[in-house]
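Below is one structure, written out as structure tokens; comments come after it.
Each chain gets a letter, A, B and so on, in the order the sequences are listed, and its residues count up from 1.
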Protein chains: 2
Amino acid sequence: MATIYDVSVMAGVSLATVSRVINKTGNVSEKTTQKVTQAMERLGYRPNAIAQSLASNRSNSIGILIPELCGPFFGNLMAGAEKRLREANKHAIITAGHSKAETEKAGIEFLLSRNCDALILHIDALSDQYLVDLAAQGKEIVVINRYVEPLKSRCIYLDNKTGGYLATKAMLDAGHSKIAYISGPTWKEDANQRLAGHHQALQEAGIADNPHLYVTGDFKQESGTAGLQTLLARDSDFTALVCANDEMASGAMAYARDIKLALPEQLSIIGFDNIVYSSYLYPSLATVDYPVEEMAKMAAALILKEVYQQKGLQINNEFYPSIVMRDSLQKRPS
Amino acid sequence: MATIYDVSVMAGVSLATVSRVINKTGNVSEKTTQKVTQAMERLGYRPNAIAQSLASNRSNSIGILIPELCGPFFGNLMAGAEKRLREANKHAIITAGHSKAETEKAGIEFLLSRNCDALILHIDALSDQYLVDLAAQGKEIVVINRYVEPLKSRCIYLDNKTGGYLATKAMLDAGHSKIAYISGPTWKEDANQRLAGHHQALQEAGIADNPHLYVTGDFKQESGTAGLQTLLARDSDFTALVCANDEMASGAMAYARDIKLALPEQLSIIGFDNIVYSSYLYPSLATVDYPVEEMAKMAAALILKEVYQQKGLQINNEFYPSIVMRDSLQKRPS
DNA sequence: TTGAAAGCGCTACCAG
DNA sequence: CTGGTAGCGCTTTCAA
């Protein structure tokens, strides 16, 4: 690899000048610029980002920590952030936290040690306090899908409670009153808030809480399958099922078909997230739209504004869910 | 951030010694090690990976370039590679190539400029020659899902042609003879090979080629929907549909239901890839298994072996697809 | 077993 | 407009 030194020798100028033309900073004469550019081309020179970063304390890269690298939800999150950053000539460095405190911490350390200019974090396991302390260290962080009061201007979050409320409300409006619920893991904030919204909707409708109608999953498909199985085994005669995310809903749907339960005639189902393939399920899955890609772009925009002083960016911290009606949710036959 | 210098001062030793205990290299007395370790803890010291990398020309990070960050196929690819690397204490740096020569090249340059020790590349647009030249520059590269003759020991690939063959053969074996095909983009190697396998199967069965039964998609769901629509508009009376991937198959299934075509009674469908949710579709989608996660792990293993001299690793370059029978493929009613 | 010192490739400040 | 030069934080000889 050619270095800046090789270029300076070939162009017959100093290191400083080469650096100037690389970074388009300072004034360099037209003629000199040309000489340098030519030398760079001839040598196939490419700046060493590592060295640049060490010298300038800037890396033009943003660390992104998400629980998992696969799955439609986080896929869209990554893609949204990466797109926005790429447009601004910044790079994303992505790593997985696997929803465990230890690995989340290790992931953050990794990103920090790579000198990221800022971090976008989807944290499941670490505490609010940890995030507050982290932010206090001076590195710009943006927390996505979580509301941390002291960091609220740095959080991009969804009103999950309203989302849960809307889902159940849609079932109520369709005439259902026996509504089962498959929750996400109780140690996840978003799962709890969705459940809280569900409770609120039931309460408003004057429907008493029935623990037989709840089961906890882990946001994966299999747990939707297992969840519905458990619920049915309890022998409660519910006509509607609210799932805390689409993946569990699709698992539940698969189970329903296995046991010849007619969908949506015998059971209405609604999910949450509006992941890409929910409209391709059969019946197409009603859900609550989670504008995750937009939110990820907003997180990126926040960083572009705060860290790179990009102008004219409108920041919006709170996002709202909306109902997406599809065939899996049907009026309760009276 | 505390630096190695701060640690050396606090511990009362030299920089070199601190470096030795960080890297567990060279002999350092028990006592000294303790002093240093304590100082590091007290200062909350974390090595600056950038500086380490610049000084040692090693980064312990592996660059991964894939076309897209979202989607089940690439999600599994990332996850598999990351998992294997993490176990070995290496880190993945992931970037998207978006299937365009320019961005793919930029992605590679980015990874190279970040001093990655090796690259795992899923390349769509760049030429074989480009890859050969790249490899010649000395950086270890592993090419995934593509066979490049001069680099064959560095390629981890699937026998896509056999996969295409198996899919169509399964339809033939089920009694179908009018078989439509929705292909991937013709400029993608894997798409062409799958199609070649399809042709081979037809030929062996003595079935003449019928251009009316072909349509080209882009591996996305929508193109499956559009593809089936186009095929049906041509008014050919096919009873089976082979899709070059599961996403297009799910799009086609959605369209079939829209127009009240009974699945699988009136149309048998098979996909390719065996992405996670294909078994949750209705009817569950028959497909060709693509062991992408295993392959990604193998790519990582190859790097661990070649670059980091990890021992005892068995490398296997070629992987084979296998048929996954599910409800969407049914015997042709005679 | 330890320390001194020369870089790694680049930026940024200070002179001129 | 250009050059000289002191680092950025760390690794890695070479000596002691």
**OP:** Considering just the side-chain nitrogens and oxygens of Ser29(A), establish if one lies under 4.0 Å of OP1 or OP2 belonging to dC1(D).
**Re:** no
Original post:
In whole angstroms, how far is the P atom of dG7(D) from the CG atom of Leu54(B)?
Top reply: 17 Å
**OP:** State whether the number of non-hydrogen atoms from other residues, nucleotides or ligands found under 6.0 Å of Gln309(A) atom CD is greater than 12.
**Re:** yes
Original post:
For the side chain of Val28(A), counting heavy atoms from C-beta on, which of dT2(D), dG3(C), dC8(C) is nearest?
Top reply: dT2(D)
Original post:
For dC1(D), does OP1 or OP2 lie under 4.0 Å from any side-chain N or O of Asn27(A)?
Top reply: yes
Original post:
Just to confirm, is there a sub-4.0 Å distance from OP1 or OP2 of dG3(C) to any side-chain nitrogen or oxygen of Thr17(B)?
Top reply: yes
Original post:
Taking for each residue the nucleotide of DNA chain C bearing the nearest heavy atom, is the 5' side occupied by Ala51(B) or by Ser14(B)?
Top reply: Ser14(B)
**OP:** Using a strict 4.0 Å threshold on nitrogen-to-oxygen distance, state whether Asp128(A) and Arg146(A) make a salt bridge.
**Re:** yes
**OP:** Specify the separation, in whole Å, of atom CD1 of Ile22(A) and atom C1' of dC10(C).
**Re:** 8 Å
**OP:** Look at the side-chain N and O atoms of Ser53(B) and state whether any lies under 4.0 Å from the OP1 or OP2 oxygen of dC10(D).
**Re:** no
Subject >> Presence of salt bridge, Glu102(B) and Lys105(B), under 4.0 angstrom >> reply: no
Original post:
Closest nucleotide of DNA chain C for Val18(A) versus for Gly12(B): which of these residues is on the 5' side?
Top reply: Gly12(B)
Original post:
Under 4.0 Å: is that the gap between some side-chain N or O of Asn23(B) and OP1 or OP2 of dT11(D)?
Top reply: yes
**OP:** Would you classify Thr32(A) as touching base, sugar-phosphate or nothing, given that sugar-phosphate means primed atoms plus P, OP1 and OP2, and contacts are heavy atoms under 4.0 Å?
**Re:** sugar-phosphate
Original post:
Taking atom types as they are modelled, is there a donor-acceptor pair under 3.5 Å from the base of dG3(D) to the side chain of Arg20(A)?
Top reply: yes
Original post:
Of Leu15(A) and Thr33(A), whose closest DNA chain D nucleotide lies nearer the 5' terminus?
Top reply: Thr33(A)
Subject >> Atom pair distance, as rounded to whole Å: CD1 in Ile50(B) and C1' in dG9(C) >> reply: 12 Å
Original post:
Quick one: Asn115(A) CG to dC10(C) C1', roughly how many Å, whole number?
Top reply: 13 Å
Original post:
Please give, in whole Å, the distance from dG9(D) C1' to Gln52(A) CD?
Top reply: 17 Å
Subject >> Spacing between Lys31(A) atom NZ and dC1(D) atom P, to the nearest angstrom >> reply: 12 Å
**OP:** For dC10(D), take OP1 and OP2 only and decide whether either is under 4.0 Å from a side-chain N or O of Tyr45(B).
**Re:** yes
Original post:
Rounding to a whole Å, what distance do you find between Tyr5(B):OH and dA4(C):C1'?
Top reply: 14 Å
Subject >> Lys/Arg-Asp/Glu bridge criterion (N-O < 4.0 Å) met for Arg154(A), Glu306(A) >> reply: yes
Subject >> Distance in angstrom units between Leu112(A) CG and dG9(D) P, rounded >> reply: 14 Å
Original post:
What is the nucleic acid contact for Val13(A), judged by heavy atoms within less than 4.0 Å: base, sugar-phosphate only, or nothing?
Top reply: sugar-phosphate
Original post:
Reckon Thr3(A) touches a base, only the sugar-phosphate, or nothing at all at heavy-atom distances under 4.0 Å?
Top reply: sugar-phosphate
**OP:** Report the residue from Ile108(B), Ile66(B), Val142(B) that forms a side chain to side chain contact (heavy atoms under 4.5 Å, CB included) with Leu121(B).
**Re:** Ile108(B)
Original post:
Can you name the one residue among His91(B), Lys297(B), Lys90(B) that meets side chain to side chain contact (heavy atoms under 4.5 Å, CB included) with Leu85(B)?
Top reply: Lys90(B)
